[in-house]
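Below is one structure, written out as structure tokens, with a few remarks after it.
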Protein chains: 2
Amino acid sequence: MQDLHTEQNRQANIEETIVSGVLSARIRPGTRLSENQLATLFGVSRTLVREAMMRLETRGIVQVSPRRGWFVVEPSAEEAMTVYAARRVIESGLLRSMRGLTDDGRKVLDAHLDEEKAAMAAGDRRRLTCLMGDFHIRIAELHGNPILVEIMRDLTARTILISMLYQSEFHAAQSHRGHCRIFEAMAEGDFVRAAELSIEHLDEVETGLDLTARADPLSDLRTSLSLPADTASKTSRRSGARKT
Amino acid sequence: MQDLHTEQNRQANIEETIVSGVLSARIRPGTRLSENQLATLFGVSRTLVREAMMRLETRGIVQVSPRRGWFVVEPSAEEAMTVYAARRVIESGLLRSMRGLTDDGRKVLDAHLDEEKAAMAAGDRRRLTCLMGDFHIRIAELHGNPILVEIMRDLTARTILISMLYQSEFHAAQSHRGHCRIFEAMAEGDFVRAAELSIEHLDEVETGLDLTARADPLSDLRTSLSLPADTASKTSRRSGARKT
DNA sequence: CTTTTCTTGCTTGTATGCAAGATTTACATA
DNA sequence: TATGTAAATCTTGCATACAAGCAAGAAAAG
């Protein structure tokens, strides 16, 4: 079955493999994605890998550094804030435009929240990261608009990369409560409130990030040496990330 | 200056040339985009053209029909409704999240509305189509979130293709009034109202489309002959194009 | 005259080859 | 030991070659 899919559309396969790797928090930001390695890994030529990379680049998930290589994006602090702002806009708009919750939808979300709880109990951080993102994709799916689902999936992928970069400690319980509250409002049919809650929730998560520290990985050293902030040190910003 | 840009990044050049061709309503939906023709036109090999096409495909602007060719997308009636729904969600969310309008922003929108008026007076339909889309991109730009600007641009491109397919008569005056109302609300700082107005506006525009007629290009003939609607005639839809 | 089959040209799909920049390694030298 | 430099080895960028599918028209069969 998977062979079929592999045979049918190999470049889409590469693309989705990488995306799901990011969505499941198994691929770290800054990971080098060598065209040759991927080519041999998937049993194709560099051409198909390259095409997949092109697509992923327009989706904001990978980036090419000319003649140096492809890397999973490492969103800057500024980009991180942009992603969260976009999510607030889209998710609140999404919830606000919803008119009702089907029984099926109710079940889906309920099951999802149970999974979150289970992952929390198990202390499975990676799985939690994944689930926390999935919740929002589920909502987009309930809304039923495939364009918005796609957008939300890509934004969620970036969000996960952001959390891997900037999330010092994981306030999973807080996030989970946020999701529960949103769900309750939805279940009551109060989508205006759900929208407001989603904004609050995203604000909380964003505030929980350490957006000043990791924005400049030298800041620790810099502050220890009490040097001024150096705006021209962009070149060294990648040192620690690659060579998987 | 353009030579410089051409030399620097030729594939992005191809990509943006096509997008701006769509945004300015100079490229019709269903237009064939031959890799060879584009390659000679831009003086590059098929490789770069292909990479540009890959990017445009993930942006929802072109589509490949296997072994047949690349085409500018022809959104179905269903896809058209999806695009408008997505726009309602995003634009209303966008406006609702705005906190104020700078003097600069006020000027930009004011100038834009003047342009709309001028184009209406001149009866320049193509320019109007272009401006009507641009208005919404301007708002996203005012919001300042580059991610949302990108999303809005791609959705606007699709919207223009939709209007070329389904807009029998152009209610330009109505759209213009809608834009004016949104602007007034924004100028008054009433972004909640602006958001509501944007939803109304998009609803109006969508309602103005002929989403049933052109969904089946044979319907004219069919109704003239008073034949029943044929659900199995999907194959003959758009003689020259795809097979998805 | 209609239908079928075949052929030819055009399209994309994929792999490969080569050039050129970037990085690292090795090494000579102070 | 530290340092500067050159060579070797990576990387992507882009063009090209060839395979294979689709479509339309010609030729042949009915």
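Chain letters run A, B, ... following the sequence lines, proteins first and then strands; every chain starts at 1. Keep in mind that what you see is a predicted model, and the values were worked out from it rather than measured.
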Residues B:E15 and B:R59 bridged, charged N to O under 4.0 Å | yes
Please give, in whole Å, the distance from D:dA15 C1' to B:Q11 CD?
-> 14 Å
Please state how far atom CG in A:L38 lies from atom P in C:dT14, giving the value in whole angstrom units.
-> 16 Å
Apply the side-chain contact (heavy atoms from CB on, under 4.5 Å) test between A:I162 and each candidate in A:P29, A:P75, A:S76; give the one that qualifies.
-> A:P75
Between the CG atom in B:L128 and the CD atom in B:E115, the distance rounded to the nearest 0.5 Å is 10.5 Å
Examine D:dC14: is either OP1 or OP2 under 4.0 Å from a nitrogen or oxygen in the side chain of B:T47? Give yes or no.
-> no
What nitrogen or oxygen pairs link the protein and nucleotides 8-12 of chain C at under 3.5 Å?
from   : atom 1 : to    : atom 2 : distance (Å)
C:dT12 : OP1    : B:E35 : N      : 3.3
C:dT12 : OP2    : B:E35 : N      : 3.4
C:dT12 : O2     : B:R67 : NH1    : 3.2

Any idea how B:H136 and B:H201 line up, ring-wise: parallel (<30°), tilted (30 to 60°), or perpendicular (>60°)?
-> parallel
Under 3.5 Å donor-acceptor, A:S65 side chain and A:R68 backbone = no
